[in-house]
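In what follows, every chain begins at residue 1, and chains take the letters A, B, ... in the order their sequences are listed.
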Amino acid sequence: ELGWISKVYVNRPAVVRHAEQIKKWKTLKGNWQAAWLLKAVTCIDLTTLSGDDTPSNVQRLCFKAKHPIREDLLKALDMHDKGITVAAVCVYSARVSDAVDTLKAAGCTIPVASVAAGFPSGQTPLETKLAEIRLAVEYGAREIDIVISRSLVLTGQWEGLYEEIRLCRAACGEAHMKTILATGELGSFANVYKASMIAMMAGSDFIKTSTGKEVENATFPVGIVMMRAIKEYYWQTGYKVVGFKPAGGIRTAKEAITWLMLVKDELGVEWLTPELFRLGASSLLGDIEQQIFYHVTGSYPLQHELAMA
Amino acid sequence: SQPLFGSQPWGGSQSLLGSQPWGGGPSPCWGPTVPVPPPGNAAVLVAPPAAVLPLLLLAELGGEGAALPPGVLNVLAGPPGLPRALRDHPGIRAVTWIGAAEQDDLRCHLWGSPLRGPRLGGGPRGGRVVVIVLDSADLDSAAAAAATLPRGGCVLLAQDSVAAPLERRLRARLGRLRLGDPTDPRTEVGPLAPETPLPEELLWEAREEGAQVFQVPLPPLPGRGQRFYPPTLISGVAPTSRCLREPVPGPVLVLLPVRGPSEAVAVASALPHAAAAALWAQDITVALDTADRLPQGLVSLNSLDLLDPSTGGTDLDEALREFGCPPWEQPPEVEEPLSPSVTLDDPGDPELAQAVAAARGAAPGWGRLPGASRARVLRGAAAALPGGPGTPEDGDRSDTGGSLRGALLRWAERAERAGGTVQEMPGGRALLTRRPLGVLGVAWGWPRSLALELLLPALALGNAVVVVAPSGGAGAAQRLRKALVAAGLPAGALTVLPGASRCSGSRLARQRPDGLWLCGGDADCDWASAVSVPCVWGVPAGLLGAPGQDLPPGAERELELRCTRPRCLWLPGGAP
């Protein structure tokens with residue numbers, strides 16, 4: 001429906017100002033902070049996307065995914081039996097089988113998410129993108145994070161973009177698809193909004209801000225624009241809810257809570273579940289665990305006291 | 001920059017606050033309108049009980065941490081008789097009021113020369129913000145900004161094609177507002193001020209007229225929710241509806257669809273109590289054109305941040321004088337108490353009415369000319385003036401042709417330079433210009449003959465002037481008028497009427513000009529007539545200096561400020 005994106009206007013200073021106000025919201029303390037932090041943990045996609053990933057560090061990641069917070073800390077909060085795990089493990093497509101095997105051996109049902117379609121730049125031919133997606137699904141990934149071709153957005157080829165995402169969606173089959181928009185490279189907020197709408201129309205289950213490898217990753221203004229697009233899509237279709245995933249640059253527990261509060265403000269409480277909200281992060285889990293350690297014991301942990309991810 | 005004419009600090013002063021409380025939220029539009037006394041003065045703020053709460057909080061905070069020495073800021077809440085009693089107190093040197101003066105006790109003479117009596121400044125001002133949303137606007141940002149309920153509640157004019165999406169977004173946002181204790185920083189909507197009537201009657205009337213009213217159910221609140229009113233959106237109102245004519249107390253947004261920018265400008269011009277406007281549009285041509293045509297003095301583009309005057313310079317300060325209480329102005333020495341009101345019999349005044357009507361016809365054209373064209377007219381008149389420098393004409397030894405010629409050339413140059421300033425601030429830039437008032441009435445009551453230097457600034461800056469003066473100085477005035485008309489001044493832009501100076505101020509005021517200058521104690525004006533004129537100024541006797549001499553320093557700037565209205569266009573952008 002090209003008509004839905006033909007009259008998109010986004011005022012950048014107004015959105016930036018709105019985001020500045022969010023940062024001034026009162027910070028949570030005590031039990032409330034701990035509760036929101038645990039909520040954030042259940043929404044994390046624990047990620048490792050480096051050139052030097054090997055089976056050993058992927059295995060370590062999977063064990064951390066199953067037990068993100070130390071048992072005794074959870075027991076002190078009386079949350080040890082609530083099944084607190086992360087939402088997914090996100091790795092490169094070549095490492096998917098290692099992750100799947102490890103999780104199966106550990107008896108864990110956390111899905112493995114694979115990045116595909118020429119991650120991170122997306123500058124590969126469409127055939128190889130589709131082949132990568134099919135292989136990742138074959139290796140056992142239940143979620144696929146695809147990357148769009150930014151050149152299609154920058155040249156305004158909306159129909160081409162729709163077709164590309166639609167084909168990737170078909171290649172995913174039963175797997176759940178997240179579309180990475182790489183907002184840092186899209187040029188303007190209006191382009192971000194339009195690309196979000198096209199991605200949702202073409203069948204994405206989630207829209208994701210960035211690959212984590214760009215100069216500018218997930219910032220609050222860009223998140224606000226994408227969330228407004230999600231809300232508008234829900235209003236236009238009447239029923240379709242699409243999830244939102246900010247990724248890249250989220251390192252502190254305070255930022256994670258701010259993202260949760262922002263989702264609650266823009267989209268509503270219904271979106272605060274792992275089915276509709278994910279945080280793409282790797283070191284964030286460490287910071288959250290430190291904050292929970294502080295909440296339970298009253299002092300910050302030494303480096304060896306928390307398991308490495 | 002140049003100090004204003006005769007500014008010095010003085011002793012005790014008083015501020016009267018009118019009877020209409022504004023707003024109901026935790027930050028009810030006091031902001032730049034609180035009359036903060038400049039250094040060296042003590043103030044007594046008197047307010048009706050409905051409006052006094054934020055002032056009491058201010059006084060309390062002023063005392064904490066020894067910010068202000070004790071006795072500098074005093075706040076009194078009381079019955080209507082209190083202001084009058086305080087006003088007659090000998091310790092009070094100056095009086096300023098904000099708000100509407102409806103009560104009989106406040107009616108009094110406006111002195112022609114404020115140096116001889118307590119000056120009353122201010123007038124019914126401000127109150128609401130008008131938000132205009134055109135079809136090329138960022139609807140989400142506009143709804144988010146409007147849902148912060150600026151100044152308690154605002155009127156939204158939305159173009160037809162975007163009215164429905166905007167309404168849906170407003171409903172979603174209003175539903176998420178947080179109500180609570182006004183001193184809690186997280187609260188977004190507080191209780192109504194005491195003694196403010198609940199707006200139920202207005203809502204009932206709106207429903208009768210066919211508008212839709214959307215209200216959010218109240219959450220559990222402290223104090224069992226008394227005095228809390230739920231955020232409300234009234235949509236689909238007619239332009240004649242009462243909720244547009246009066247500011248609605250409480251957190252109420254009124255949404256009115258309009259067909260386009262021109263209709264939006266027409267509706268916004270007709271809204272009373274709206275001194276500020278916010279325009280949301282991404283199409284820059286349409287936005288700037290509409291902003292130009294809006295009559296509001298403070299227009300912001302794609303933003304609802306009302307400017308913080310402390311960050312700008314003196315130009316901004318002057319611009320913001322319009323939008324609330326003017327900054328503390330030089331008050332006069334109190335020598336005599338205010339005299340009781342004067343009742344006048346009211347014969348019809350056809351000559352004056354005709355003159356004012358002609359001026360009203362000439363004012364738009366003259367005002368819209370670029371400064372250079374007006375300068376050309378003034379220079380032409382200077383060349384055409386009969387008599388060389390130093391030759392007295394008809395026994396008018398006071399106003400020689402020479403000094404008048406010099407004044408004409410000076411003001412011609414000033415008219416050419418009348419552009420405005422750009423003030424850069426964090427968050428954007430403000431374009432500050434001054435626009436002519438329109439029709440300016442001058443009532444001359446001093447014993448000397450009419451000083452034509454007084455009229456030149458008003459003409460040079462685009463006003464149409466109607467003067468009522470005793471016949472003594474008429475000859476020079478007619479010569480000047482003839483010279484100006486010959487040089488291209490539209491007929492009606494300058495009229496000098498002979499007339500008795502007694503009560504000439506009232507006569508002029510009754511014709512409803514856009515501005516009124518009262519020169520001299522005889523040319524005074526009664527309160528009832530003065531209230532209907534937007535800008536009334538009692539010209540101080542010392543302003544003109546001795547006849548034939550140059551104007552004292554600061555006088556030119558004061559004259560400029562008094563015959564123009566400030567206009568501030570706020571363009572946000574850049575790093576916050």
Chemist: Hey, is CH2 on A:W235 packed in by over 12 heavy atoms from elsewhere, all under 6.0 Å?
Modeler: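 It does: A:W235 CH2 has more than 12 such atoms within range.
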
Chemist: With a 4.5 angstrom heavy-atom cut-off, which part of B:A281 approaches chain A: side chain, backbone, both or neither?
Modeler: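 When you check distances to chain A, no heavy atom of B:A281 falls under 4.5 Å.
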
Chemist: Taking everything shown except A:Y294 itself, do over 12 heavy atoms lie less than 6.0 Å from its OH?
Modeler: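 Open: at most 12 neighbouring heavy atoms sit under 6.0 Å from OH of A:Y294.
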
Chemist: Run the side-chain contact (heavy atoms from CB on, under 4.5 Å) test on B:R169 and A:E232 for me, step by step, so that the C-alpha distance in whole Å, both residues' side-chain angles and the decisive distance to 0.1 Å come before the verdict.
Modeler: CA-CA 10 Å; B:R169 284 160 171 81; A:E232 174 71 12; 2.5 Å; yes

Chemist: CG/B:L139 to CZ/A:R228 distance, rounded to the nearest 0.5 angstrom?
Modeler: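 If I round to the nearest 0.5 Å, the distance is 10.0 Å.
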
Chemist: Check the pair B:D138, A:V15 against side-chain contact (heavy atoms from CB on, under 4.5 Å), reporting the backbone distance first and the verdict last.
Modeler: CA-CA 9 Å; B:D138 179 357; A:V15 174; 4.0 Å; yes

Chemist: Hey, mind stepping through A:R17 and B:S141 against side-chain hydrogen bond (donor to acceptor under 3.5 Å, both in side chains) and telling me if it holds?
Modeler: CA-CA 10 Å; A:R17 249 178 289 124; B:S141 297; over 6 Å; no

Chemist: For A:Y9 and B:A137, which heavy atoms make the closest approach, and how far apart are they?
Modeler: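 Smallest interatomic distance, heavy atoms only, reads CB-O, 3.8 Å.
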
Chemist: Just wondering, more than 12 heavy atoms not from A:K240 lying within 6.0 Å of its NZ?
Modeler: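 Result for NZ/A:K240: enclosed.
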
Chemist: In sequence, state the C-alpha distance, the side-chain angles, and the governing distance for B:R173 and A:D265, and then conclude on side-chain contact (heavy atoms from CB on, under 4.5 Å).
Modeler: CA-CA 9 Å; B:R173 293 258 169 205; A:D265 187 58; 3.7 Å; yes

Chemist: Taking atom CZ of A:R251 as the centre, does the number of heavy atoms from other residues, nucleotides or ligands within less than 6.0 Å exceed 12?
Modeler: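 Open: at most 12 neighbouring heavy atoms sit under 6.0 Å from CZ of A:R251.
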
Chemist: Identify the heavy atoms of A:V10 and B:Q282 that sit nearest to each other, and give their distance.
Modeler: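 A:V10 and B:Q282 have their closest heavy atoms at O-NE2, 3.3 Å.
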
